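Treat the numbers as computed from the prediction; the structure is a model and nothing was measured.
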Amino acid sequence: SSILFRHSKQKHNANNDNQSKTKRVWAMDLAPLAVLRLVAAGAGCPRGGPANTDKATAAAAAYWQLTCGDVVHTWAPHSCSAGTLLLMKDVAKAAIKIYLPLFSVPALLRRPTNQSVRAFLRNVVPNVFWSTTFLTANGGGLVAAVCLFRRLCGGMTIATTAFFPSLLASCAVLLERKRRRGELGLYVTTQALWCLFRKAVDRGWITPVPGGDILLFAASWATLLWAAVHGGSSGGGGSLRALLVSLYGLGRPPTGREPAPAGEEDASSSPSSRAATGTAPAPSSWSSSLRPRHPRWWRVAWDVACLPRWGRTPLCQHVHNCWANALAASGRGVMLGWALKSLTQIGSVLAAVQGLGQRRRSVLQVVRAVLRAVASRAHGRLMLMFATMFGGFHVLRCLLRRLCHCDDWRTTVAAAFASSLAVAINRSTGISVYVASKAAEVLFWVAVSKGWAIPVPHGDFLLYAFGVASLMHFAVVEPRALPKAYWDFAKTISGGKFHQIAHHEFERLGWRSLPD
């Protein structure tokens, strides 16, 4: 009996060991499901309260059993290679339509008169080829990386559906030219931060400030103008600085005469020298005796009324009087607004006419559509915004010079901030966020030039990888967080394949995935 008892005890211990090993194996297999349970119960819960954990676990387990063809490349569900190649073909077609005019039009405008056609093509074709190759590899690499992660992990998860595959596919940016990686990284990072902000507002995590986009644009634009006028060579990129100086007319006078410092004038412009020579005071000289002794708000009104009479102060760098300079800047703003709006309208009109088909469109129809786009009344708001920004900046800056007797960074920033509030005429949150990112970039490079910060190695690649991974996560998992313009761009660049992704599978996990 003792022998039988020992045998049964050993058998019972062996069964317990086998059961503990089986539990450990099941725990290892269900570890990803536990993570998905936390994600579905936390980040994916609806507004009404926490999601049902049992339903979330069952939905995560069902999602784990799906294939990449069931979720991502639904246009070719039985072949990963076919799904990747079909997406790459559509991305390549859309990329050629984007990059061919993007590189050809500036090259034509800057083309020397004696440049041959072969030299022109030698400059344009490589740029179009490498940019198209980069965008095609990035789009196709996303689907290929999703399939790779599914095979490595043994199932589908939210993280391996879009974010981590996009990080791997973003290595395609190394095919792009070095000087364009920074702009691409800054653009996609800006769009990703905007999507995160929209998601936080939609979930109720933060409350937006009324008019916050206007204040953000005004502060960022004032920073860019400060860097362009007073930042010197450290004030950001040379192309941006040259563009702002050209638009605002901030160059030095063509006569070559340096402006007098604040509080100082030439000896020839002093009253004693003019009395000795018998010359009359110059129209642009500062004459404080003309100012009446009234309260300060009367002085401001007097200065505004007498701007044409006094011409310009010794601190002004423009040749003509202040009102003429402001009107010239407003004219540049009107032309800039008309040109930008006309180009966008012409592009949309041509795309719409192209979709009509060969039989229904004619040359006369295209010409009429282009003329209607150029002479549209929708240009007025953008033209008024730029005219007010440019002209108002010069009026306020000259007025502050007269009132404060100084011309430093404070007058520039104050005039730029106040005039930039005109963006309320044609407000756009996306433009405000992008200008804010450019201002942050300019401030970073100013800090680097002064030794307050150090540049990050491969920072452009890191920015692009983070931005693209975040945007692809939103495009695949949460399209509702994307701006409508970027969602339309994602559908266009993929030939409509982003719309074919099985978004209803993410809705079962608690994500708000069905687009509006």
Legend entry - Ring geometry between F103 and Y99 (parallel below 30°, tilted from 30 to 60°, perpendicular above 60°): parallel

Inset, instruction - Supply the atom-to-atom distance L336 CG to K341 NZ, rounded to the nearest 0.5 angstrom. - result: 12.5 Å

Legend entry - Flag side-chain contact, heavy atom, 4.5 Å: E505 against D70: no

Inset, instruction - Under the side-chain hydrogen bond (donor to acceptor under 3.5 Å, both in side chains) rule, collect the residues that match up with S437, sequence neighbours excluded. - result: T190

Inset, instruction - Just say parallel, tilted or perpendicular for the rings of H499 and W487, cut-offs at 30° and 60°. - result: tilted

Inset, instruction - Flag yes if more than 12 heavy atoms outside L152 fall under 6.0 Å of its CG atom; otherwise flag no. - result: yes

Legend entry - Residue pairs, two or more places apart or on separate chains, that pass salt bridge (charged side-chain N to carboxylate O under 4.0 Å, His left out) and touch residues 464-476: none

Inset, instruction - Can you measure from CG (L215) to OG (S220) and round to the nearest 0.5 angstrom? - result: 10.5 Å

Legend entry - Counterpart residues, side-chain contact (heavy atoms from CB on, under 4.5 Å), relative to V334 (two or more places apart): M383, A387

Inset, instruction - State whether the side chain of H503 and the backbone N or O of V477 hold a donor-acceptor pair below 3.5 Å, judged by distance alone. - result: no

Under 3.5 Å donor-acceptor pairs involving side-chain atoms of residues 460-473, not counting sequence neighbours:
| from | atom 1 | to | atom 2 | distance (Å) |
| --- | --- | --- | --- | --- |
| D460 | OD2 | K178 | NZ | 3.3 |
| Y464 | OH | N138 | ND2 | 2.4 |
| S470 | OG | F466 | O | 2.9 |

Legend entry - I431 CD1: over 12 foreign heavy atoms closer than 6.0 Å: no

Inset, instruction - Name all residues meeting the side-chain hydrogen bond (donor to acceptor under 3.5 Å, both in side chains) criterion together with T161; count only those two or more places apart in sequence or in a different chain, and write none if there are none. - result: Y63

Inset, instruction - Quick one: which residue pairs count as a side-chain hydrogen bond (donor to acceptor under 3.5 Å, both in side chains) with a foot in residues 488-497, not counting sequence neighbours? - result: D90-K497, K484-D488

Legend entry - A162 to L142 - nearest heavy-atom pair and separation: O-CD1, 4.1 Å

Legend entry - Residue list, salt bridge (charged side-chain N to carboxylate O under 4.0 Å, His left out) with E183, at least two apart or on another chain: K438

Legend entry - For F489, all residues meeting ring pair (Phe, Tyr, Trp, His ring centres under 6.0 Å), sequence neighbours excluded: Y486

Legend entry - Qualifying salt bridge (charged side-chain N to carboxylate O under 4.0 Å, His left out) pairs with a residue from residues 408-420, counting only residues at least two apart or across chains: D408-R410

Inset, instruction - Enter the distance from R401:CZ to T411:OG1 here, rounded to the nearest 0.5 Å. - result: 6.5 Å

Inset, instruction - Please lay out, stage by stage, how W226 and L443 fare under the test side-chain contact (heavy atoms from CB on, under 4.5 Å). - result: CA-CA 10 Å; W226 164 81; L443 290 178; 4.1 Å; yes

Could you pull out all donor-acceptor pairs under 3.5 Å where a side-chain atom in residues 391-399 meets a protein atom, sequence neighbours excluded?
| from | atom 1 | to | atom 2 | distance (Å) |
| --- | --- | --- | --- | --- |
| H394 | ND1 | N325 | ND2 | 3.0 |
| H394 | NE2 | Y248 | O | 2.5 |

Legend entry - Pairing residues for F417 by the ring pair (Phe, Tyr, Trp, His ring centres under 6.0 Å) criterion, not counting sequence neighbours: none

Inset, instruction - Could you name each residue pair satisfying side-chain hydrogen bond (donor to acceptor under 3.5 Å, both in side chains) that touches residues 119-134, not counting sequence neighbours? - result: N127-R177, S131-E176

